[in-house]
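Just so you know, ligand 1 is whichever comes first in the structure, and atom 1 is the first atom listed for that ligand. One is the number of the first residue; the rest follow in order along the sequence. Every heavy atom of this structure was used, including side-chain atoms; hydrogens, water molecules and symmetry mates were not.
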Amino acid sequence: MIKEIREPLIFEISEAGKRAAELPALDVPAKKDLLAGVPLRGELEGFPEVSETEITRHFTRLSQKNYCVDMGIYPLGSCTMKYNPKINERLSAHPAFAGSHPLAADDLVQGNLEVLKKLEDCLCEIAGMDAFTLQPAAGAHGELTGMMLIRAALEARGNARKHVLIPDSAHGTNPSSAHICGYTVKEIKSNESGTIDLASLEAAMTDDVAALMVTNPNTLGVFESDICRIAEIVHAKGGLVYMDGANMNALTGIVRPGDMGVDVMHINLHKTFSTPHGGGGPGSGPVGVKKELVPFLPVPVIVEKGGRFALDFDRPGTIGRVRAYFGNFSVVIRALCYILTLGPKGVREIAEFAVLNANYIRKSLEGDYHLKYATASMHECVFSDKYQKEFGVTNLDIAKRLIDYGVHPPTMSFPLIVHGALMIEPTETESRRDIDHFIDAMKAIAKEARENPDILHAAPHITYVSRLDEVAAAKFPVLRWEKKA
Ligand SMILES: *Cc1c(COP(=O)(O)O)cnc(C)c1O
């Protein structure tokens, strides 16, 4: 990486008359009114004009200032930033898929419908649920859809109820989703092993409670081993169990939420089943339900009759559509490719390797970094900066210093119940070699904290800019280039 060169904005290198492409002279009469009302390039004030070399180098240099999962380990806890096999990209970009029109008649897109139905079937098998909808566009959208389904099912029973119980270790989207659905959120405290405290749950589980939203394994990377008992407590009072399945990476092929008493759940395809994500890229948060909730699923539902696929809109109980067309179809294609390529044994190995890798990191670093919860990890482990704080070094300093070692920082300061958290999730796609590099970097940083903390306070040292004002960047983004007079 060349640190010294500041990459100018594309507008700054613009020079009037430059073009990246040269077209032959027009040999038919010009017909400008075809695009009447559409702003044309030549008419847009300040539209950048650059050569092909300039545009190629500009974007290539920008891309090199970035870190991506194709460059190295990206251990962002709770995000499951796994490597995405290129074959999945090739297949999802296949012209037969990419070129098909979302409004095409069912008869013309039988293959697409088959892909959707096949993935629904695979997810039912993996999660132990009775049906899935692939419409939700992300995990949080899946949560909202799931909560709407719970409300609809409880209304059909005669009472939608008032509250939703959520553990204090939950992802922030959980309380938001319940709240948007008109429920008040009641927090359940975690016990010293980082799991739901059964006595607190029992006390909070009244006839007014619609559901418990539980993440399993939770955001501490700890499996809720009392999950069956938890489901019994909730069901005994007529409530439903929602499972945030964004951490499904730890469970695939080993246990099934449906067998543990879960009534509704979502899976993040863009985490567990291989889709590049981050930076706001497309996601998919399919929602799985047990039989009682099937009548309320979003329309259309894909049905198979005698080898033909059709869209069923005639569902009187439906909560309606939650997303245009078929959700994010290209993510669905990648997920199906990943599952079919791996097969049942490989799907189980996702979880086996994800858990093995996280525990390898946990064990290797437990002498150097503080662990608040001693419970064994599933797919991620959560350290804190407690030991480094003694030398005035925080989790931010550690995260920033990792960049100098060529590693993406882990998730910081989440979950909230671990002060100064460093949440590390290696995923199943990392090799021993890359994980060892990460461990070595973390150990070197722990040593620097003891011996030379100043180097950490000023990190990163190898990037074009070092510490950014993240608050200003979020609050006052510069989204428009203004030509200086
Ligand atoms: C990522 C995640 C979500 C939210 O998923 P999005 O696709 O980002 O909306 C919800 N819960 C947990 C536990 C997660 O890790």
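Not a single heavy atom of G283 sits closer than 4.0 Å to an atom of ligand 1. Residue E143 places a heavy atom under 4.0 Å from ligand 1.
Annotation: K117, atom NZ; neighbour count of heavy atoms from other residues, nucleotides and ligands within 6.0 Å is above 12. Environment of CZ in F313: crowded, with over 12 heavy atoms of neighbouring residues, nucleotides or ligands closer than 6.0 Å. Few gaps surround CG on L62; more than 12 heavy atoms of other groups in view lie less than 6.0 Å from it.
Taking a cut-off of under 4.0 Å to the non-hydrogen atoms of A138, the atoms of ligand 1 that pass are 7 (O), 9 (O). Listed by number with element, the atoms of ligand 1 under 4.0 angstrom from any heavy atom of A140 are 4 (C), 5 (O), 6 (P), 9 (O). Heavy-atom contacts of A246 reach the following atoms of ligand 1: 2 (C), 11 (N), 12 (C), 13 (C), 14 (C), 15 (O) (cutoff under 4.0 Å). Numbered from 1 in the order shown, with element, the atoms of ligand 1 that lie under 4.0 Å from a heavy atom of T215 read 13 (C).
If you check which protein heavy atom lies closest to atom 6 (P) of ligand 1, you get G139 N, 3.4 Å. What sits closest to atom 5 (O) of ligand 1 on the protein, heavy atoms only, is N268 ND2, 3.0 Å. The closest protein non-hydrogen atom to atom 11 (N) of ligand 1 is D244 OD2, 2.5 Å. Here the protein heavy atom with the shortest distance to atom 1 (C) of ligand 1 is K271 NZ, 1.5 Å.
Checked against a 6.0 Å centroid threshold, the rings of H171 and F414 count as neighbours.
A distance of 12.5 Å separates NE2 of H179 from CE of M147, quoted to the nearest 0.5 Å. Interatomic distance, CG of D368 versus CZ of F383, reported as 8.5 Å (0.5 Å rounding).
Partner K82 forms a side chain to side chain donor-acceptor pair (under 3.5 Å) with one of T275, N249, T272 and no other, that one being N249.
Taking the six-membered ring where tryptophan is involved, the planes of Y387 and H370 are perpendicular, since the angle between them exceeds 60° and thus also 30°.
T318 is linked by a side chain to side chain contact (heavy atoms under 4.5 Å, CB included) to V299, R315, counting only residues two or more places apart in sequence or in another chain.
In T80, neither the side chain nor the backbone holds a heavy atom less than 4.0 Å from any atom of ligand 1.
When only interatomic distances are considered, the shortest N/O to N/O separation between H270 and ligand 1 falls below 3.5 Å. The distance criterion of under 3.5 Å between nitrogen or oxygen atoms is not met by H141 with respect to ligand 1.
For the residues H171, H277, E380, the heavy atom positioned nearest atom 3 (C) of ligand 1 is part of H171.
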